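Presented below is the structure to which this report refers.
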Protein chains: 2
Amino acid sequence: MSILAIPKYLEIKEQIIDEIKGKPVNSPISSERDLAIQFDASRMTVRNSINELVEEGYLYREKNKGTFVADKKLIKKNTATEILQSYDSNDYSIIYFSFKNAEDLEFDITPFLELDEEDSRVLRIVRLNKTEGRPSSVEEVYFIKSFVSDEDVKNLRNLLNLNHLIVNGSVTQRFHPVIIPAQYANLLKLKINIPVIMIESTIRSMNGKPLVYIRAYNNPFEKTIEITS
Amino acid sequence: MSILAIPKYLEIKEQIIDEIKGKPVNSPISSERDLAIQFDASRMTVRNSINELVEEGYLYREKNKGTFVADKKLIKKNTATEILQSYDSNDYSIIYFSFKNAEDLEFDITPFLELDEEDSRVLRIVRLNKTEGRPSSVEEVYFIKSFVSDEDVKNLRNLLNLNHLIVNGSVTQRFHPVIIPAQYANLLKLKINIPVIMIESTIRSMNGKPLVYIRAYNNPFEKTIEITS
DNA sequence: CAGTGGTCTAGACCACGCT
DNA sequence: GCGTGGTCTAGACCACTGG
């Protein structure tokens, strides 16, 4: 290796991505042995790059035949990552926030955040996400109070950047069909009594400890929930 | 290697799974170097095993620290695999099936199966899935007629085994909130006018060709749709 | 037959954490 | 300073495909 901070296999991965952008679906890429020569790397290093690209849905392998460019529409997507996008675009308004006692909420949050009597206060933030200026979802975000610093409260947008929590943790999502709550129908500019999907998300650290709980009410006319695997 | 048909890294993987079953969450497993000695394998082979277990959510790594047993509730799940379960359990009834012209359906199926004038007939099967005897979902399954053999029509349950298509292909799913259609409310023993999630799935081969299109209406009281990533 | 991906080895150096 | 996972090398043999 060299002094570079970026591993060689990630550089190779990026170069392969660039190369296949100009290639038709189902066309073969060079063989692993050829790529190893081309990139002056060992075959195992090239395989590491290709493995990740296969995992992410950019390529697929056929044993004894070769490695081929996958259809772009097969690239793996996951609803969990959609949460990130609302951060990336940063296109949202904070409607409301306050600290609450768990017992004052309309539902029992304690199982989701594994709260106990010692630690039963949460920070509740309601935000309205937009795509291209139109309201796409309302999210109720719940943080455990002891997880939130005074600094965070002053900078909620920083706190609401859940990206690093997600990439270093685990996200479980449950999908519930519900009639849109009246107060959110208004925010989302929807008629009352229409069905929407409420996504309940729990973000946990790798050791299983819950960090954040989210209820998202999605505007079905703005964003279809889609996953590819 | 030896004469064994099963690769060593898969054997090691199974042994690691067995070992961690008795270990508490977040406890460390042996280091890769120790495991290599223990299993009489090279470290790269052990890493291959562990990589898959991490990918599947059984273990997690911490750089410079070790590899640890992950929380079982964090094991990665995907709604696509739920389709398999309805096959595995085999607990379903076929309500109806017939060949249809694409233009005779209530909606335009041609974009989903990429049909053309030459090949515009489909086999439509409606099945009622059950869990523990209770109705959990109604699925409308659409196959391209030219994809279905006479043999298949005689053995629909074999055709409806979508397992091999999914593991060798790609699944895209879209989630739609809808009011349960009246004819399905009856089948699912639901009241009319309640909201449910309709999952639209397209199974494609690796080269992107659509093979099967499915509309599933899920009974929210029997099965919560959940994914972990 | 040559070429492919799949598996495997026995080393190596690195950055980082912990004691 | 020792142990960890992360990266990397330069080989090797296998089963299988396709000309």
Side-chain angles (χ1 to χ4, degrees), chain A residues 1-16 19-20 23 26-70 167-169 205-207, chain B residues 1-16 19-20 23 26-70 167-169 205-207:
Chain A
M1 273 309 300
S2 62
I3 39 169
L4 290 179
I6 298 176
K8 190 188 270 193
Y9 84 94
L10 286 180
E11 303 238 35
I12 294 174
K13 189 177 160 185
E14 291 308 315
Q15 293 198 51
I16 295 175
E19 281 183 31
I20 64 181
K23 301 185 94 179
N26 298 326
S27 60
I29 67 168
S30 306
S31 75
E32 297 176 353
R33 288 165 180 83
D34 285 352
L35 289 171
I37 295 168
Q38 179 184 330
F39 291 121
D40 189 31
S42 79
R43 191 178 150 217
M44 289 305 283
T45 299
V46 170
R47 269 186 77 77
N48 196 359
S49 311
I50 296 178
N51 279 343
E52 293 204 357
L53 290 170
V54 169
E55 195 62 40
E56 292 162 19
Y58 287 93
L59 300 173
Y60 65 95
R61 295 190 209 262
E62 292 199 13
K63 205 186 293 190
N64 314 317
K65 290 190 184 171
T67 305
F68 303 87
V69 178
V167 297
N168 296 309
S205 66
M206 276 306 186
N207 66 25
Chain B
M1 272 311 300
S2 62
I3 40 172
L4 291 178
I6 298 177
K8 190 188 270 195
Y9 84 95
L10 287 180
E11 304 239 35
I12 294 174
K13 187 177 162 186
E14 290 308 314
Q15 293 197 51
I16 295 176
E19 282 183 30
I20 65 180
K23 301 184 95 181
N26 298 326
S27 59
I29 67 168
S30 306
S31 76
E32 296 175 352
R33 288 167 179 84
D34 285 352
L35 289 170
I37 295 168
Q38 179 184 330
F39 291 121
D40 188 32
S42 79
R43 192 179 149 216
M44 290 304 283
T45 300
V46 170
R47 269 186 76 79
N48 197 359
S49 311
I50 295 179
N51 279 342
E52 293 204 357
L53 290 170
V54 169
E55 194 62 39
E56 292 163 18
Y58 288 94
L59 300 173
Y60 65 95
R61 294 190 211 261
E62 292 199 13
K63 205 185 293 188
N64 315 317
K65 289 191 185 172
T67 304
F68 304 87
V69 178
V167 298
N168 296 309
S205 65
M206 276 306 186
N207 67 26

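Owing to the predicted nature of the structure, the values given are computational and were not obtained by experimental measurement. In what follows, chains carry the letters A, B, and so on, assigned in the order in which the sequence lines appear, proteins first and then strands, with residues in each chain numbered from 1.
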Minimum-distance nucleotide (side-chain atoms of [X] versus [options]):
X     : options               : value
B/R43 : D/dG6, C/dG6, D/dA10  : D/dG6
B/M44 : D/dC13, C/dC8, C/dG11 : C/dG11
B/K65 : C/dG6, D/dG5, C/dG17  : C/dG17
B/N64 : D/dT9, D/dG3, C/dT4   : D/dG3
B/T67 : C/dG5, D/dT9, D/dG5   : D/dG5

Within this structure, what is the CD-to-P distance between B/E32 and D/dG3, rounded to whole angstrom?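 To the nearest whole Å, that distance equals 15 Å.
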
Length of the line joining A/K63:NZ and C/dT4:C1', which is rounded to integer Å: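 For the pair A/K63 NZ and C/dT4 C1', the rounded distance is 12 Å.
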
Are OP1 or OP2 of [N] and a side-chain N or O of [X] less than 4.0 angstrom apart?
X     : N     : answer
B/S31 : D/dT4 : yes
B/R61 : D/dG6 : yes
A/T45 : D/dT7 : no

What does the inter-axis angle of the helix from C/dC1-D/dG18 to C/dC18-D/dG1 come out as, five pairs per end, nearest 10 degrees? 10°

By nearest nucleotide on DNA chain C, pick out whichever of A/D34 and B/D40 is the more 5' one.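 Looking at the nearest nucleotide for each, A/D34 comes out on the 5' side.
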
